[in-house]
Each structure stands twice: as C-alpha cells, then as structure tokens.
Amino acid sequence: MLLAKNLMVTLGASQILHDVSITAAPGEFTCIVGPNGSGKTTTLKALTGDVRYDGHITINNNDLAYLKPWELATIRGVLPQTSVLAFPFTVIEVVRIGLMTGADAQDGCLALQSLARVGLAHYADRFYQELSGGEQQRVQLARVLAQIPHAVGEDGPRWLFLDEPVSSLDIAHQLQIMSLAEQFARDGGGVIAVMHDLNLTAMFADQIILMANGRILQAGPPSVVLTDANLSQAYGCDVKVGMPPPAGIPYVLPHAARHTGLVATKS
Amino acid sequence: MMFARQRKSLLCLFAMCLGLLPVKTVSAETTDSKIMSLGISVTETVYALNQQHRLVGRDTSSTYPPDVLEVKDVGYIRALAPEGVLSVAPDLIIAEEGAGPRETLDILKDASVEYVEVPNEPTASGIVEQILIVGRALGVEGDAQALADDVAARLADAIAAADAQPQNRKRVLFVLSTRGGKITAGGAGTSADGIIAMAGGVNAIGDVEGWKQLADEAVAVAAPDVILMMDRGGDHGIDNEGLFNMPSIMTTPAAQSKSVIRMNPQLLLGFGPRTPDAVEKLSEALYDPAS
Amino acid sequence: MASDAVVHLADLGRPKDRLQFALKMHVYLCILLICVSLASLTVGATGITPWDMAAALLRGEAPEQMASIVLFDIRLPRLFMGIVVGAALAVSGAVMQGLFRNPLADPGIVGVSAGAGLGAILAIVLGGLLPVWLAEATGMYLVPFAAFVGGWGTTILLYAVSTRGGQTSVATMLLAGIALGALAGAVGGLLAYAADDRQLRELTLWGLGSLAGASWTKVTVTVPFILLALGVAMTLGRGLNGLALGEATAAHIGIRVQRMKNTAILTVAAATGAAVAATGGIGFIGIVVPHLLRLATGPDHRALLLNSALLGASILLIADMISRVIIAPAEMPIGIVTAFLGSPVFLWILLRNRGAVGF
Ligand SMILES: Nc1ncnc2c1ncn2[C@@H]1O[C@H](COP(=O)(O)OP(=O)(O)O)[C@@H](O)[C@H]1O
Ligand SMILES: [Mg+2]
C-alpha cells in the first residue's frame, strides 16, 4: 500500500501542494491527471522522495523518510517526465545503469529483455542520443523495468512511478506501454502514472486522481472522477464527457485500436 | 659454478637496491678536472683565467664570449636537471649563488661532484672575491690574483673617471621589462643599481628594494633623465617610439629628451671581469653620448 | 508478448559489450605502462641503462657509483612521481567530467589547479609565519596539504556557481573557471611582492611544471596522498554512471548522491592538489586521456577510471621522456610538451561538441 497524508510542498517562495492525500493499492493502476502546472509532477516527486515535503508518506508500511536510497531502489522505479544523459552511452548501457543496484542485477539477459518489452531490442547498440524523443522515453522505461523486473518481490509489492510515460509516443506505442503498466498492476504491483491523455486514462486507470491548483479535486474510479462538472472546473473550460463530434468529422479513440504486437517486431 | 656466480650477482643487485653496497667513487683532480660553469660572471672569469679548455658544460645565460656557445648547455641555472648535469660528466661545478633546485644539488652531492658556490655581489669587492674563489676552485690562484688586481684597478679607474665628470648626476631608470604595459625596474640592492652607481648615475628608484613592477605614477615621480634597457629582443625589445609613448614614461624628462641607453645585459649586469668596460661604456653613454 | 520477445532476442544476437572490452583494456594498458616505465628507466641524458648495470652485476662487478645514482636516485623516483602524478591528473579529469557531466571539465581548465596552486604559493610564502610547533608538525606535508585545501575550496565554489538542480551550465563553469584562475593569479602576484628572493625563485620554478625535482623525499610526501585519493576514486564508477542520468535518477537507482558528490570533490581536490604541489602545473592530461578512452571503450566509469589512471601515467611518462631528451642535456618544462600534445585534442573535442557545449 502507498499512503500519503496531508502533503505540503513549497518550492522557492510559493507553496505548490496543499494538503494532498493519496491512497494507492498494489494491483491497481492509479493515474494522476490535471491541467498544466496543477502539481502532478510535484506530487510524484514527493512520493519518490525527490522534494522535501511536510506530511507523511509510507510505502509498503515503511516511512519513506527512513528508507535508504538503495532500499528504495529495490522496491520502486521512477520514470521522470524528462530525462537527460551525459556522455555517449549506448541504449543497452543506459538500461544496464538502471540494473546496477536491482536485486536481479546478476541476470545477464535482463537488460535486453526489458528493451524487448518496450519494443527496442533491435536498438541495443545504437547511441542513446541518436534516438527520437519517444524512443528515448521508451529506453528510460526499459531502464526502470530492468531495475524493477517483477511486480511482486519477497517482501511485498513493487511500485512504478511514471511521469507522463506516453505523452510523446504514437498511438501504437501508447497502447503498448500502457498495457505493460497495466500488466504490472495485474501481476500485483502498484503503478502510479501522471497522465495527459484523458481517453487513455479512462481506458486503463483503476483510480483517477484529478488535481487543480495544487489540490486534489476528486479521486476515485473513472466513472466518478471523469464528469462534466469535475473536468470543467479543473481545466477551466466547458468539457463534455462522452460526446462524439458532429457527423462527418473523423475521430480516433484508443479504445478502438488494438495493440497487435507488431511494433515490437518491426526492424 | 656459473649458477653460483649468478646468484651472487643477484644478491649484489638486491643489496645495491637497498643501498647497502659500497660503490666505486670517482674523485675530482684539481689540476685538469672537467668543469661546468653556471652563471655569466663565473663563465667569463673562467675564460679570463684561460681555463676554457676544461669547460664541459654551461648554463643557458652564459653566452659570452661567443666561443662558449660550443659548450653544452644544461639549461636554466635555477632549474637544472640532475641527469643532464651528470651526462656531461663534470668533476667540478662552479656556480653562481642561486643555482638549483635543491633536489638537483643534493643528488650532485651524492654523486661526489665537487660543487663550489660563488657569491655574486654587485660591488667592486664582490667581483674581486668572485674571481678569487673561481681561481681557487680551478687551482690557478696566482693567475686569479693577478686578474683580480687588474680588474680592481681598472674598475677603480673607471669609477673615478665617472665620478670626475663635471655634469649633474643623471637619474637613471633601469627597465627590465615592459611586458603588458607595466614597467619592471631595478631598485636598491639589484645588479642594475650597482652598475648605475659605479657609472656615476643615480638610481631613479633607489628608495625601492629589489626588482619591482612599478605603478605608472611611481615612474613619473621617479623622473628619470635616462632609461637604461637591455638590447636583446623578445618582450624587452620595445622600440624607442613605443617606449616613450608609454603613459608612465611619457611625462618623464627621459621621454622629453628621448634619452634611452641599450646595453648588452651580460656585459651590463654580469659583474665579472668585464665590468670595468661596462662602467666605462655606461658612463660614456650617460655623460658623453657624442663620442 | 513475453514469448514474442524471446523469439526476437534469439534473432538479434548479443549486443556489443563495451564494458568487457574496457575491462580487457586494463590488461593492455598495464602492459603499456610497464613498457613505458622500462623505457623511462632506460632513456636519459647520460646514456646509462639498467640493462648495462644488470649485465655488469651478472659479471660480478660492483656497480658504478654514477650508474647507481642515475638509476636509483634520479630516474626511479622520477618514474614513481610520473606514474602517480599522471594517474592523478587523468583520474581527476575523469571524475570531474563525470561530476559535472561534461567532457570539458578538467581541473586545469576550470581553475581547480589554479586554486591548488594558490594554496601551494600561500604555503611557500607564508609558511614561515606559522608558529614553530605547527611548522614542525606539518613539515613537508604543508605545501601539498595547502594545495589540497586550495583545490577543494575551488571545486566547491565552482560546483556551487555552475550547478543548479543537478544541471551544470557549461558556459558558467568555464567562465567561473576563468574568473577563479584570474583570482588565483592575482593573489599569487600579490604574494610575489611579499616573497623574498629565495621564495620567488621557488615560485617561478614551481610554475614551470616539471618532474625534474622528483626526489625520494618528494615521492614519499606525494605518493600516499595520491594513492589514497585514487583508491577512493575507483569506488566512484557506479555513482558517476548514475549521475550521467541526472541527480534525481541517480538517487532513484539507489545512489547516495550528495555523499558521492562530496567524495568526488574531495578526491579531485586531493589528487590535483598533491600533483600540483609536487610538479607544478601540467595541463591537458586530465582532458585528453579520459576522452580518448571514452572513444575507444565507452563512457562506463567502472572501467574508465582505472583505465584513465593507467593511460594517464603512461602518457605523462612519455611526455617526460620527450621533455628530457629533446634538448638534452637541458630539459624542456613538461607542461610545454603536454600542452603541445593536448591542446589540439582539446580543440577537436570542442569542435565535435560545439552543439552540446552551447557555443
Ligand atoms: N523548482 C520550482 N520552483 C518553483 N516553482 C516550481 C518549481 N517546479 C515547479 N514549480 C511550479 O509548481 C507548479 C506545479 O508544477 P508541476 O508539478 O511540474 O506541474 P504539472 O502538473 O504540470 O506536472 C507550477 O506552477 C510550476 O511553475
Ligand atoms: Mg509535469
């Protein structure tokens, strides 16, 4: 279980998070949504211990404040919204950096398997800096998966914290990555993802946390959170849920697409 | 048999590594020993005493007389490399005060190379002492005494002649370098101060101690009548126009009268057997520029 | 989907393993260092060689005093000094580049050497003012220790100025390096006024940068400092790899980032400080060696650090050999040789990285 109680975060001079409380269960896919600047990333950073916070966070019943970095590294992986890389590492080397401290570091194939899970095994020897933004993000996800390869460990569930994991991906890869995360949850792990795309969120989330202005507006299953009233208030514009566009205008929903596995094999 | 001998040699090597084994030493003979001369004054004295056939090495600054250029140069006098010095195999090193570094000198001592340090005071008695010490080190005391007497006499004459000139004493500023638009000049206690005094001049910055970079205003206040410089190239080789247009110099009497004297630095500052000539030359340049 | 992956993995074959190659490189570079060391013991103005001496010994002759002095009191301490200083400079460069996440960071270029130099100058000039008991207690360790403190202060200042939220601004770093270098130069110039003639001579000499003054005394002062720093540096490989992904990610994969950074800074300061105090300013080793190795074997710091130490030692020994034979029996200051070898490589790195560096 992941519990956060009354989180307050102040960055610079201004208070960014006000009294944020979150409960996320293992086995569930939790999505945080909200307009730009509403504090989604900041919330995730508090949950991963990147920023100083007031309040209380426990992960698998351990107080986050007392967990050592290497202990945390074995129970949760973090995919940041943007990643940087100094020096010309190859793709496989980047994934192995994530593997260095993981419990399964001995497994020689793990890095390549993780790459295969995000559909990039054939890029193993390319230089990371030569990939497109979306490909880089998938490599970073592979790095996280190599660090946390199993959804449940001996001492409890494992956690994935993903900040906009699919924002820069095409629709096929969006589905692929979301399915991966969903599978992690089905296997008993916990997933907390900051999301941009409300349709994808509605499709995959077990719990949605809707944020605005550094506060939680509403948390619960998609049908409860994704309402006209909630979304209009959060995003500051008139939003209608479940309205197809006028006849004649094409629209594409992820629900109608099916992940075929083709993307993983293209070379 | 063979095996035993080899083992003994290996033991020998081991002992030597530990510094346990006494090693053969080479002792310097005084009469015909090979010498290395470090410093302008020492080298010129060696030539003046006609002992140049014994020279096997010199430092970079020793360039007079021109013949000496044939002798191997072991580098800058203050940064001698021990193996370079040992490679020319001197029995005796005669060095001006200040040669180094200490680490090199320590090793030379260990190598039983005889080392004589010669003080180099920029005074008449300093020159005499220097000649006598070099002479003793070379084993030619008699010649050295004669040379010292001769140099002392000529120097006394030159100084007396300079003193006797009827004009007012000129204020002289010795400029070592104008690098970066900043004047570095010789104050009290420097060799430049010594030669200026001998030649009947007044050091324009006699109240400053040692070699100093001067503030522009300090140069103006010093009000030199003449600028004295070295005649070699490099950054010392600023031309007259450039010199007199330097803001610090522009206001001085020297700039108004366009008075600059350039002299060979070895001759001027060497303080060896040629110093009487230097005094004559400088004094002449100061007070009798026409001749 | 998992079954998909397995099929394709078999098709793809094993990816290249640059780390394995880099680890093999340890062996090659060790062999190189041994060869260069032997050459360094053999080459010199006197033409004395260890082989002649060994042959003489095998014949049962007592060794010449001259030969034993040249080999054991001149070349051997110089060899040790060259190895540790070369290793220190190259490893400081590699650690600094990992810490600043930039291939241009180098103690010489960003002013750490200047700071260390300033510490050394202060110790040389003002050392005489210390109370007697303190002077006796510190003894010959005073200068390297002061250089260490100077380098340490500069590195911390530099890091504080040029790094925000785990990201280093290269422009700020280089500019801060220029400023710190100028400051150190200015204070050094100021001290030159206070120095007496002997101290001034020591300062000039020391500024030239040379291994010529390597004596057993200096070796015993310098080697422990540097070996300690290098030993600690070798543990930084994993941490620096993580740092390549940014401070936040480094923490996420289990690295104690702040502690690692502090260790890296202390290591650089100790290694650079001791090297600078012992041999003066020797440039470019710290930037050229890690760069060449990254090209050859990849940027993985777990192998890069030891490889840098080995190659740095070899290259400094080679530069030293050049410096002592090229105008023998005189010697060229070694800083000139390394600058000749290094500055083209530096420019080449700048050219290749023009986009990344932001010029
Ligand atoms: N380091 C920082 N210092 C000050 N304010 C920040 C900092 N990082 C983010 N903020 C502010 O905090 C708010 C929330 O940011 P963030 O959590 O990144 O939003 P998002 O929901 O888009 O991920 C924004 O208004 C942003 O400007
Ligand atoms: Mg965000």
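Within every chain, numbering begins at 1; the chains are lettered A, B, ... in the order of the sequence lines, protein sequences first and strands thereafter.
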Inset, instruction - Heavy-atom distances under 4.5 Å only: say whether Y128(A) touches chain C with side chain, backbone, both or neither. - result: neither
Inset, instruction - Work out which heavy atom in P69(A) is nearest to a heavy atom in I255(C); give both atom names and the distance. - result: CB-O, 4.0 Å
Legend entry - Side-chain touch D300(C)/R96(A), heavy atoms, less than 4.5 angstrom: no
Inset, instruction - Taking atom NZ of K45(A) as the centre, report whether more than 12 heavy atoms of other residues, nucleotides or ligands fall under 6.0 Å from it. - result: no
Legend entry - Portion of Q140(A) that has a non-hydrogen atom of chain C nearer than 4.5 angstrom: side chain
Inset, instruction - Quick one: sort the H301(C) and F89(A) rings into parallel, tilted or perpendicular, breaks at 30° and 60°. - result: tilted
Legend entry - Distance (rounded to the nearest 0.5 Å) between I253(C) CD1 and I148(A) CD1: 11.5 Å
Legend entry - Interface residue of largest heavy-atom contact number with chain A, from R18(C), R294(C), R256(C), Q97(C), under 4.5 Å: R18(C)
Inset, instruction - Ignoring hydrogens and angles, tell me if any N or O in the side chain of Q147(A) forms a donor-acceptor pair with the backbone of H252(C) under 3.5 Å. - result: yes
Inset, instruction - Just grab all the salt bridge (Lys or Arg N to Asp or Glu O under 4.0 Å) pairs involving residues 141-155 of chain A, residues at least two apart or on different chains. - result: D155(A)-R158(A)
Legend entry - Contacting moiety of L85(A), where chain C heavy atoms sit under 4.5 Å: both
Inset, instruction - Hey, could you give me the CG/CD1 distance between L19(C) and I92(A), rounded to the nearest 0.5 Å? - result: 12.0 Å
Legend entry - Shortest non-hydrogen contact between E93(A) and P299(C), atoms and distance: OE1-CD, 4.1 Å
Legend entry - Engaged part of P88(A) at the chain C interface, taking heavy atoms whose separation is under 4.5 Å: both
Inset, instruction - Could you tell me whether the side chain of V84(A) reaches within less than 4.5 Å of the side chain of L245(C), counting heavy atoms only? - result: no
Legend entry - Choice from V94(A), L79(A), T90(A) maximising heavy atom contacts with chain C below 4.5 Å: T90(A)
Inset, instruction - Inspect the surroundings of CZ in R52(A) and state if more than 12 heavy atoms from other residues, nucleotides or ligands are less than 6.0 Å away. - result: no
Could you pull out all donor-acceptor pairs under 3.5 Å where a side-chain atom in residues 20-27 of chain C meets a protein atom, sequence neighbours excluded?
from	atom 1	to	atom 2	distance (Å)
H26(C)	ND1	N307(C)	OD1	2.7

